[in-house]
Undergrad: 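Sending over a structure as structure tokens; questions will come in a sec.
Treat the numbers as computed from the prediction; the structure is a model and nothing was measured. Letters A, B, ... mirror the listed sequences (proteins, then strands); counts begin at 1.
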Amino acid sequence: MKVIEVRSISKAYGDNLVLDEVSLEVRRGETIAIIGPSGSGKSTLLRCMNRLEEVDSGEIFIDGEPITGRGGRRLDQVRRRMGMVFQQFNLFPHLTVAGNITLAPVSLRMMRPDAARERARELLRQVGLEEKLDSWPDQLSGGQKQRVAIARALAMDPEVMLFDEPTSALDPEMVGEVLRVMRDLSEAGMTMLVVSHELAFVRQAATRVLFMDAGKLAVDLPPAELFDNPPNQRIRDFLDAVQQKDAV
Amino acid sequence: MTADGPHHELPGHSVSDATGVSRRPSRAGAGAALSGGAWTRFSRSPWFNPLVVTLLVGAGVVYFFMTGGGPRARLERLAEVYLTQDRWRWLLSGLGSTLVLTLIAAVTGVMIGLVLSVIRMAWRAGAPIALLNLFAETYVTVVRGTPVTVQLMIIYFGLFADLPVSRVLAAGLAFGINSGAYVAEIFRAGIESVDGGQMEAARSLGLPYLLAMRKVVLPQAFRNVLPTLVNEFITLLKETAVAGYIAVEDLTREANNIRTKTFDIGPLYVTALIYLVLVLLLTLLLRRVERKLREGDRSQVNI
Ligand SMILES: Nc1ncnc2c1ncn2[C@@H]1O[C@H](COP(=O)(O)OP(=O)(O)OP(=O)(O)O)[C@@H](O)[C@H]1O
Ligand SMILES: [Mg+2]
């Protein structure tokens, strides 16, 4: 069943065409990895999906409802159905971990404070950080921050989770703990779009891999196929470069 | 060092500098070699200024009693100036008015500044509020481009002329309206100092713009501009001295009342001293705030 349908969206910054007629369907429970060179439009694609950026043309549907253009659903409603995890975590430094997680559900009056706190505890258990409920963000390591950020996004019960390079700001020894949480989430059936160059994770968790190149979706293949048998030289070079970077 | 810019000499400069907004031209870079011995350290302590002031005032008092006929004649004169008609109470009630005035102005100014700055930021973020934004910009330009005394008189004799508003309240609101323009600039810089990822994270959770502003961005912006804000209050306190133009019996005006009755300018010195003490107290508060903030910053660095 289709959760998201992206129909031929384009987006330019000035003369720079960043998304060029991108189309995509995401079925429920899929984990889609997005890879590609820097500047190819991966972040922009995710940001257009939850409308942190507006598309210039094309349409996006969630459960068949248009979220872009005229007649699109209200912005905040759209965003509540999609959780987003950022490279820089973006935890709120003036709130505790519990405060970070409960802020949206409580201030949008979707949950009472005590219920939200219990839910926060539950989500923290899920990401392995239950004891950090009352810690402050600046007391956490990078990996812990990112796991809290994931819990925070999950607190809105999103249908889809968007991850934009969630581990690339982390020290290497912390990458694993975050990827483990993401893999659990994926196995539990969450629909996920993940921009990540952690190829081992992609191979293991992704149902499909999209290769973006200069604003176009160049390839859309299951990971095993793509990695074992890269369809062209450009992708082979890219994968080699990523693996080399991992090796050092 | 002046009371307007004490934070500029803090090494590793404070957050308030980062905002780049200061009502008076800053004297940044004036202080600051980190090296130095006991004297340098002492001269940087928060008690240095109060101490110097106390010594100077003490010397002044000694000089006062040793001249003009000696201590006895001086004491008699003091009794005549301050005790007749209980005139010392005039100063006290004047001080009360000045404090109430400043408080009303500070609160009004912060509220106006908050609204104006959010309007301008929301406009910049793409909200369809061209007219509101035009109003906010015009407000800031006009208020900052005209003397506060003229504003005070226009507001009191013009806008409030037929309203049953007490002079102190009217003056408080007038100074608040004035201060609001400066506070708006302070807050705008503060909001800009908060990382853009904060707003994006809040919006991605589905918070509407204003709610995200209130719950996520403003608390952090406020923390960043606290020192600058205390500076604004210091300026405000001193500026209220012109409230006498609309016959508010504030500290300055009461001192002048005593002067006209007694032909003695002593009360003006006393008044100057009272302002100075108030400003120094606020400066101490400012130092405290800055120290707290720096400690906070440090704990953020050492994860
Ligand atoms: N707000 C913006 N204004 C102007 N240009 C932008 C903006 N955001 C992104 N771009 C440009 O759009 C292009 C695609 O950016 P995007 O961030 O989507 O790439 P990416 O694939 O995520 O790259 P990376 O791997 O470096 O994160 C880049 O050329 C970038 O410079
Ligand atoms: Mg990116």
Undergrad: Of all the heavy-atom pairs spanning A/Arg80 and B/Gly206, show the shortest one and how long it is.
TA: NH2-O, 3.1 Å

Undergrad: Could you check whether atom CZ of B/Phe135 has more than 12 heavy atoms from other residues, nucleotides or ligands sitting under 6.0 Å from it?
TA: no

Undergrad: So with a 6.0 Å cut-off around CZ of A/Arg28, is the heavy-atom count from everything else above 12?
TA: yes

Undergrad: Go through the atoms of B/Leu211 and report whether side chain, backbone, both or neither lie under 4.5 Å from a heavy atom of chain A.
TA: side chain

Undergrad: Below 4.5 Å from any heavy atom of chain A, which atoms of B/Ala202 appear? Answer side chain, backbone, both or neither.
TA: both

Undergrad: Can a donor-acceptor pair be found, under 3.5 Å and without considering hydrogens, that links the side chain of A/His94 to the backbone of B/Arg223?
TA: no

Undergrad: CD/B/Glu200 to CE/A/Met84 distance, rounded to the nearest 0.5 angstrom?
TA: 7.5 Å

Undergrad: Has the side chain of A/Asn90 got a donor or acceptor atom that lies under 3.5 Å from a matching backbone atom of B/Gly197?
TA: yes

Undergrad: Examine whether an atom of A/Leu91 lies under 4.5 Å from a heavy atom of chain B, and if so say whether it belongs to the side chain, the backbone or both; otherwise answer neither.
TA: backbone

Undergrad: Is there a side-chain contact between B/Ser204 and A/Met82 in this structure, where contact means two heavy atoms from C-beta onward sitting under 4.5 Å apart?
TA: no

Undergrad: Counting only heavy atoms closer than 4.5 Å, note whether A/Arg47 contacts chain B via side chain, backbone, both or neither.
TA: side chain

Undergrad: In this structure, are over 12 heavy atoms from other groups packed under 6.0 Å from B/Arg288 atom CZ?
TA: no

Undergrad: Tell me, for A/Phe92 versus chain B, whether the close heavy atoms (under 4.5 Å) come from the side chain, the backbone, both or neither.
TA: both

Undergrad: Evaluate B/Leu205 against A/Arg79 for side chain to side chain contact (heavy atoms under 4.5 Å, CB included), listing each step before the verdict.
TA: CA-CA 6 Å; B/Leu205 288 166; A/Arg79 290 193 179 124; over 6 Å; no

Undergrad: Rounded to the nearest 0.5 Å, how far apart are CG of A/Asp76 and CZ of B/Arg203?
TA: 5.5 Å

